[in-house]
**Student:** 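Please find one structure pasted underneath; my questions will follow.
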Amino acid sequence: MARSRASVGELVSYPPICYRFAIADWRAADACETGRYGRNWSPGLELREGHRLVTGGVYALWRHPMYVSIWLAAFCQPLLVHNLIAGLLVVPAFAAMWWLRVPQEEAMMRHQFGEHYARYCVRVGRLWPRLGR
C-alpha cells in the first residue's frame, strides 16, 4: 500500500492566529536567550544581586509576559498538532507548573520589593491587562 504524502498546503493550513502566537512566543524566548530581558531574567526561581523590579515595557501590561506567551502557545497546540488528545495534554501540564511556580515567584518578589511590588500587582494583571489603572 502506497503512503500518502501531505501537500505543502496541508502542512501550512493552520489558523492564522496560531502563527501570530507562535511568532510572539518565539520572540519572547529569543529575548530571554539573548539577554534582552537583562540580568534579572533567569530560568530558575532566584533573585540576583542588584535585582530591580521592572515595571515598564511589556511589564506595564502583564506581570508575567513569558507565561502569557506560553499560555497562548498551549491553547494553540491542539490546533497545530494532528492529534487532539496530544494537543490538549499540554494545557493541564502547563497549568500544573503555573499553579506551583507563580505563587512562589510572587511571594519572592513581595518579600524582596515589599509595598512597591504590592502596588504594582494592583496596577498590573498577572495574565490579563488591567486597562484604565
**Student:** What I'd like to find out is whether the side chain of T55 reaches to under 4.5 Å of the side chain of R123, using heavy atoms alone.
**Tutor:**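 Sidechains of R123 and T55: in contact.
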
**Student:** In Å, rounded to the nearest 0.5 Å, how long is the span from CG of L89 to CG of L84?
**Tutor:** 9.5 Å

**Student:** What distance do W62 atom CH2 and Y67 atom OH have between them, rounded to the nearest 0.5 Å?
**Tutor:** 16.0 Å

**Student:** Output side-chain donor-acceptor pairs under 3.5 Å for residues 109-118, partner residues at least two apart or in another chain, one line each.
**Tutor:**
| from | atom 1 | to | atom 2 | distance (Å) |
| --- | --- | --- | --- | --- |
| H116 | ND1 | R119 | NH2 | 3.4 |

**Student:** Applying side-chain contact (heavy atoms from CB on, under 4.5 Å), name anything that partners V91, two or more places apart in sequence or on another chain.
**Tutor:**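 Expected list: W71, A74, F75.
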
**Student:** Over all heavy atoms of both residues, which pair between Y120 and V54 is shortest? Give the atoms and the distance, please.
**Tutor:**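 The pair with the smallest heavy-atom distance is OH-O, 4.0 Å.
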
**Student:** Under a single-linkage definition using a 4.5 Å side-chain heavy-atom cutoff for Ile, Leu, Val, Met, Phe, Trp and Tyr, are V102 and W128 assigned to the same hydrophobic cluster?
**Tutor:**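 No, separate clusters.
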
**Student:** Does atom CD1 of I85 have more than 12 heavy-atom neighbours from other groups under 6.0 Å away?
**Tutor:**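 Open.
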
**Student:** Between L127 and W98, is the side-chain contact (heavy atoms from CB on, under 4.5 Å) condition met? List the steps.
**Tutor:** CA-CA 11 Å; L127 294 176; W98 165 263; 3.7 Å; yes

**Student:** Check whether any side-chain N or O of R63 sits under 3.5 Å from a backbone N or O of C121 as a donor-acceptor pair, and report yes or no.
**Tutor:** yes

**Student:** Could you tell me the separation between the CD1 atom of I70 and the CZ atom of F94, rounded to the nearest 0.5 Å?
**Tutor:** 4.5 Å

**Student:** Using every non-hydrogen atom in the two residues, find where R126 and V68 come nearest and quote the distance to one decimal.
**Tutor:**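 That closest heavy-atom pairing would be O-CG2, 4.2 Å.
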
